[in-house]
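Scroll down for the structure; my scribbles are underneath it.
Lettering follows sequence order; numbering is per chain, from 1.
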Amino acid sequence: MKFSPNYNIIEELKWRGLYHQSIPGTEELLMEEMVSGYVGFDPTADSLHIGNLVPIILLVHLQRAGHKPYALVGGATGMVGDPSGKKAERQLLSIEEIQHNLNAQKKQLEQFLDFDCGINSAEVVNNFSWFEPMSFLEFIRDVGKHISVNYMMAKDSVKNRLEEGMSFTEFSYQLVQGYDFYYLWKEKNIKLQMGGSDQWGNIVTGTELIRRKGEGKGFSLTAPLITKSDGSKFGKSEGGNVWLDPSKTSPYEFYQFWMNTSDDDAERYIKIFTLHQKAYIDNLINQHKETPHLRFLQKELAGFITQWVHGEEGYKTALSASDILFGKATAASLRELSESDFFSIFNGVKNKEVTDIDGINIVEMCADTGFLASKSEAKRALQENSVSVNSEKVTEEFIFSNTDLINGKYILLQRGKKNKFIIIKN
RNA sequence: GGGGAGAUACCAGAGCGGUCAAAUGGGGCAGACUGUAAAUCUGCUGCUUCGGCUACGUAGGUUCGAAUCCUACUCUCCCCA
């Protein structure tokens, strides 16, 4: 039976801004037959973060177009450490840590792909399974022999580190990843590797290995690095990563991260991070331009991804929390919330339990609960007139009393618009 | 192994005996304006019982007084073998 894809994936990726480059012939291949393609994930932490979303979305598009996606978790490559884009040698993780991280990531990957849809069901593979039984001698003889040091040295990931220095371990990384591609090509008929543009060098080492050792052809496709219009790094918030794991980044924080996208970025991100049709998106962008203050793009973007990652339930809580915190939130409306509503809405906002609040000064409260770093900082914040209690601005002289407790139990502290903290009396 | 340079707050980087809790820039936080946007402008950015206290790689020393001078140590970078 002749294969015909559901859509031209390369064209799709291009208009979405998800296409950077590919090996010639990749588009033709994808139009002709059902292709098995894979993306590798590094087990550096026990959760994926939003920087991993782009490679995941590449797999999603691959599957939606009718091809077969594989997610490779890097049990072996994680032990070596990818030097791409790194300024300094990486700290090695223990085998136990890698194993733990891998299992967590595997679970997360499973929610994005369809593992039960017949012939093009997704699969997860772990490169530890083929590297573990392989001996060092076997590797340098059968793999290393095909790739010259000159070739490896020419890679940006290596060149950029020649001044600083780089261990043999990280130098070998591209060979290890390259062998993955060769192995999958040979054993599972996987012809395509995808990834971020920073992976180009590693991917090409793989196609080179396939050509020299296997006398075959591997294909590749990369997505551009996601940038922010102000030049700062995408995917960080308050200096930390934005994780997919709700215990590391709550649905509320996750939703807020996307809500805070600037207009310029939102227009690009809505194409990249949602699966909406082109016409729908164009329409949304136009609407947004007419009434930018309504933040259509940010709401749709944040809503779509939050639902995808955290489900309907997580999205709803994030949404109602945001409505209350950024909407009309007056002391009165806060007090109207039932206790269970309050806690489900503020799940994810930092909090601290205290035994007594009556008669305590605002400065002490801010510092002692850890909301602000020190009394000095609390005083400064109060002088800036940036602190509010239950959505009402307060001054340095403010003293808490039991009547400030909402439902006799909790108090909402804020510094500025975006810093929130809850005090719970028990 | 030999020679040289350096280590200052979140980062970069000035200061080279008192007036230094330390210039300036970046980052961060807040205020104004707004749309939870961008840009812009403004303020803040060690702790404190508000008396002070602790801080310029570490440990000593000189001095009325040290980030600044001396000694040793640790670490980093560069050049030569």
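Distances shorter than 4.0 Å separate none of the side-chain N or O atoms of N385(A) from OP1 or OP2 on rA30(B). Using a 4.0 Å cut-off, no side-chain N or O of S322(A) falls inside it from OP1 or OP2 of rU36(B). For the pair K379(A) and rC44(B), the criterion of a side-chain N or O lying under 4.0 Å from OP1 or OP2 is not met. Within the 4.0 Å cut-off from OP1 or OP2 of rG31(B), not a single side-chain nitrogen or oxygen of S386(A) is found. Remark: R380(A) is in phosphate contact with rC47(B), judged by side-chain N or O atoms under 4.0 Å from OP1 or OP2. Within the structure, a side-chain polar atom (N or O) of K418(A) is placed less than 4.0 Å from OP1 or OP2 of rA37(B).
Taking every heavy atom of residues 291-300 of chain A and every atom of RNA chain B, pairs under 4.0 Å involve P292(A), H293(A), R295(A), Q298(A), by number.
If you check every strand for non-hydrogen atoms under 4.0 Å, S376(A) touches a base.
Searching all strands for a Watson-Crick or G-U wobble partner of rC10(B) with both distances below 3.5 Å returns rG26(B).
Glycosidic conformation, rG31(B): anti, with the torsion outside 90° of 0.
Rounded to an integer number of Å, the gap from D368(A) CG to rC47(B) P is 14 Å.
Residue pairs meeting the salt bridge (charged side-chain N to carboxylate O under 4.0 Å, His left out) criterion with at least one partner in residues 44-69 of chain A, sequence neighbours excluded, are D46(A)-K248(A), K68(A)-E123(A).
Side chain to side chain, N202(A) and Q199(A) meet the donor-acceptor criterion of an N or O pair below 3.5 Å.
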